[in-house]
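Beneath this line is the structure, given in structure tokens, with notes to follow.
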Amino acid sequence: MNLPRLLLTAALAGCTYCLPAAAAPLAYVSNEGSASVSVIDTATDKVVATLKIGEKPRGIALSADGARLYLSDQTLNSLLVVDTAKGVEIARVKLGDSPEAIYLSADGKWISAAIEENDQVLLVDTAALKVARSMRMHGKNPEHAVFSPDGKWLYVSAEEADSVDVVDLAKGEVIKSVKVGDRPRGIGFLPDGSRAYVAAENADTVNVFDTKTHDVVARIKAGKRSNGVIVHPDGKRVFVTSGGEGSVQVIDTASNAIVARIAVGKRPWNMALTPDGKKLYVACGRSNAVAVIDTDTNAKVAEIPVGELPWGVAIR
């Protein structure tokens with residue numbers, strides 16, 4: 001482990017790692033261009049620390065208690081595990097060539113890692129910190145592999161594909177591939193797991209899946225180059241980034257209609273919501289900033305400068 005690179009420079013002068021006690025959750029932003037993670041206090045929407053880690057961090061996830069930060073590093077081909085209290089890397093798990101997004105299962109036992117160059121999805125055991133299973137995908141260059149809330153399924157999108165692979169986790173294999181349009185990207189499930197929403201970037205659409213049948217039951221025309229997807233905790237709204245328009249679309253899940261479009265910044269990518277669903281944090285890669293959206297008013301309320309090419313956001 002390259003521990004000298006794990007120093008944190010806090011907003012407070014002279015501190016190595018001295019985050020103040022936060023009354024609100026912290027948002028962690030992976031900056032692939034500056035090999036760093038920006039830490040944002042969601043109460044003030046200010047960067048309170050910058051973690052220098054890895055070489056090209058992309059995928060990002062937090063344990064349920066917020067004690068561990070997980071990062072996929074595309075250059076190191078590894079999963080980096082960081083102790084958030086100490087700001088130090090405590091483990092490194094070798095993955096495969098060019099890992100992309102990572103996701104934590106609802107029970108916290110597994111991390112999925114999409115391995116782009118190997119056309120695989122790996123499952124990492126979070127207790128043992130080792131790869132427990134490798135699964136070959138049908139789609140080329142997988143990017144997102146998202147657990148259903150009940151942990152039975154993994155929906156996988158791939159950059160060079162027109163379909164979503166549905167993985168039966170009990171069997172550890174793809175049981176169905178469903179056409180969604182060119183270049184599927186972000187995926188989000190309703191809290192009850194009954195529906196999944198998948199953006200197809202080159203088709204400018206969001207596909208709505210019935211997860212009982214794993215069939216597409218609706219296609220929603222969204223913004224240009226639809227990309228990231230996240231579902232509000234109340235299950236009534238889905239947020240979708242539009243990289244070609246620099247906006248976020250808000251979908252009403254009852255009607256499948258877009259009810260708002262919010263300008264955010266250049267190349268909005270992946271997102272995270274505060275646990276109460278009140279604020280949405282959007283990584284805007286080419287703005288080197290995170291946009292903050294008030295989800296009650298569907299208005300951008302802040303723009304926070306972070307590192308170079310922010311890729312993803314995780315909040316606990």
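One-based numbering along the sequence shown. Scope of the values below: all heavy atoms of this structure, side chains included, with no hydrogens, waters or symmetry mates.
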- Item | No-hydrogen, no-angle side-chain donor-acceptor test under 3.5 Å, Q120 and S134 | yes
- Message: Whether E159 and R183 form a salt bridge (side-chain N of Lys/Arg under 4.0 Å from carboxylate O of Asp/Glu) is what I want to check.
- Response: yes
- Message: Please list all pairs meeting ring pair (Phe, Tyr, Trp, His ring centres under 6.0 Å) that have one or both residues in residues 157-194, counting only residues at least two apart or in different chains.
- Response: Y155-F189
- Note on the structure: Residue set satisfying side-chain contact (heavy atoms from CB on, under 4.5 Å) with R267, at least two apart, ordered chain then number -> E32, W269, R286
- Co-membership, hydrophobic cluster, residues I230 and V290, 4.5 Å side-chain: no
Going by atom type alone, with no hydrogens or angles, which donor-acceptor pairs under 3.5 Å involve a side-chain atom of residues 232-240 and a protein atom two or more places apart or on another chain?
{"residue": "H232", "atom": "ND1", "partner": "D234", "partner atom": "N", "Å": "3.0"}
{"residue": "H232", "atom": "ND1", "partner": "D234", "partner atom": "OD1", "Å": "3.0"}
{"residue": "H232", "atom": "ND1", "partner": "D234", "partner atom": "OD2", "Å": "3.3"}
{"residue": "H232", "atom": "NE2", "partner": "R237", "partner atom": "NH2", "Å": "3.1"}
{"residue": "H232", "atom": "NE2", "partner": "G277", "partner atom": "O", "Å": "2.9"}
{"residue": "D234", "atom": "OD1", "partner": "K236", "partner atom": "N", "Å": "2.8"}
{"residue": "D234", "atom": "OD2", "partner": "R237", "partner atom": "NH2", "Å": "3.1"}
{"residue": "R237", "atom": "NH1", "partner": "T295", "partner atom": "O", "Å": "2.7"}

- Residues K56, D73: salt bridge by 4.0 Å N-O rule: no
- Residues G312 and A283: closest non-hydrogen pair is N-CB, 4.1 Å
- Counting heavy atoms not belonging to K176, are there more than 12 under 6.0 Å from its NZ? yes
- Note on the structure: Heavy atoms of I315 and Y281 approach each other most closely as CD1-CD1, 3.6 Å
- Validation row: V282, T241 side chains within 4.5 angstrom (heavy atoms): yes
- Query: Do the side chains of S34 and L309 get nearer than 4.5 Å, heavy atoms only?
  - Reply: no
- Indicate yes or no: at least one non-hydrogen side-chain atom of L123 is less than 4.5 angstrom from one of S112. yes
- Message: Please give me the minimum heavy-atom distance between E303 and P305, naming the atom from each residue.
- Response: O-CD, 3.6 Å
- Specify the closest pair of heavy atoms between M137 and V167, including all atoms of both residues, with the distance to one decimal. CE-CG2, 3.7 Å
- Would you call K278-D296 a salt bridge at under 4.0 Å N-O? yes
- Check the pair Y70, L79 against side-chain contact (heavy atoms from CB on, under 4.5 Å), reporting the backbone distance first and the verdict last. CA-CA 7 Å; Y70 300 97; L79 178 73; 4.1 Å; yes
- In terms of heavy-atom contacts, does NZ of K94 have more than 12 from other residues, nucleotides or ligands at under 6.0 Å? yes
